[in-house]
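Notes for the one structure printed next.
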Amino acid sequence: MPVEEFVAGWISGALGLVLGHPFDTVKVRLQTQTTYRGIVDCMVKIYRHESLLGFFKGMSFPIASIAVVNSVLFGVYSNTLLLLTATSHQERRAQPPSYMHIFLAGCTGGFLQAYCLAPFDLIKVRLQNQTEPVAQPGSPPPQYQGPVHCAASIFREEGYRGLFRGAWALMLRDTPTMGIYFITYEGLCHQYTPEGQNPSSATVLVAGGFAGIASWVAATPLDVIKSRMQMDGLRRRVYQGVLDCMVSSVRQEGLGVFFRGVTINSARAFPVNAVTFLSYEYLLRWWG
Ligand SMILES: C[N+](C)(C)CCCC[C@H](N)C(=O)O
């Protein structure tokens, strides 16, 4: 089983992640809190009350977990394609797999990575939603003092299953949309690359960026529900499950609720995924 894909997936994911984290914090706040009027208002308030550090809340765990999560995504994707089409990464330029195979491999990768991602994503969302200024002397400490403390408190209060709160919504969000992610990427690369050649850096950047946007636009409705399920249970349980969360969110806020954060998600998705795919392709070419 080729391991390069796993390592390339990890490094490229980490680069994309740091670049996108400030956007991600704004997105999570907009999706789960009602105090902000929009993207700019949210950014200004975070900066004023919590300084630049406020944008990087909750980042240490994703950095640690991206090794597992992105290497599972890219490793499973690539190895599923190998199973389905019997072509390795290098051979795929000459013999491109069918879109059906790409979609299925993407879904498989998405499904398995969601399972690894769930507890890390939960902790990230809980930390990002703490609005207290970072470490102010004299003020009461925030509920969670850091990722390990957060994980331990959730485990203590809600048990092992508590760490998987929102995991169902996450799995539903990622399985089909990771299929869309890889289809868009491969489709655009194929379109703009002469037969049998490797795509140029510009093509990889643009195809990666649009793959990110396309999959995030499709993923946003379930992303909102996922974030809400993850915040639920912090004080008192409000939702009975994914469906209940959907129904009551729509009842209270209208259908528009499903597109909360879509603009910021797309703005984040382009650079993050352009960088992710560029470094992924180059690492594999370099090693291949
Ligand atoms: C499937 N879904 C849309 C959720 C994610 C697709 C892109 C994943 C990438 N690591 C990123 O953070 O943008």
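Order of listing sets the numbers, starting from 1, for every ligand and every atom in it. Please read all numbers here as calculations on a predicted model, not as lab measurements.
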Legend entry - Distance-only side-chain donor-acceptor flag, Gln95 / Thr87, under 3.5 Å: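 Thr87 and Gln95 do not have a side-chain donor-acceptor pair below 3.5 Å.
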Legend entry - Tyr280-Asn70 side chain donor-acceptor pair, cut-off 3.5 Å: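 Note: Tyr280 and Asn70 side chains miss the donor-acceptor criterion.
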Inset, instruction - Step by step, work out the salt bridge (charged side-chain N to carboxylate O under 4.0 Å, His left out) result for Arg29 and Glu50. - result: CA-CA 13 Å; Arg29 299 257 178 118; Glu50 303 159 57; 2.9 Å; yes
Suppose we call two aromatic rings close when their centres sit under 6.0 Å apart. Are [X] and [Y] close by that rule?
X	Y	result
Phe23	Phe270	no
Phe210	Tyr185	no
Tyr115	Phe164	yes

What are the atom names and distances for all N or O pairs under 3.5 Å between ligand 1 and the protein?
unit_1, atom_1, unit_2, atom_2, d
ligand 1, 12 (O), Arg268, NH1, 3.4
ligand 1, 12 (O), Arg268, NH2, 2.8
ligand 1, 13 (O), Trp216, NE1, 2.9
ligand 1, 13 (O), Arg268, NH1, 3.2
ligand 1, 13 (O), Asn273, ND2, 3.0

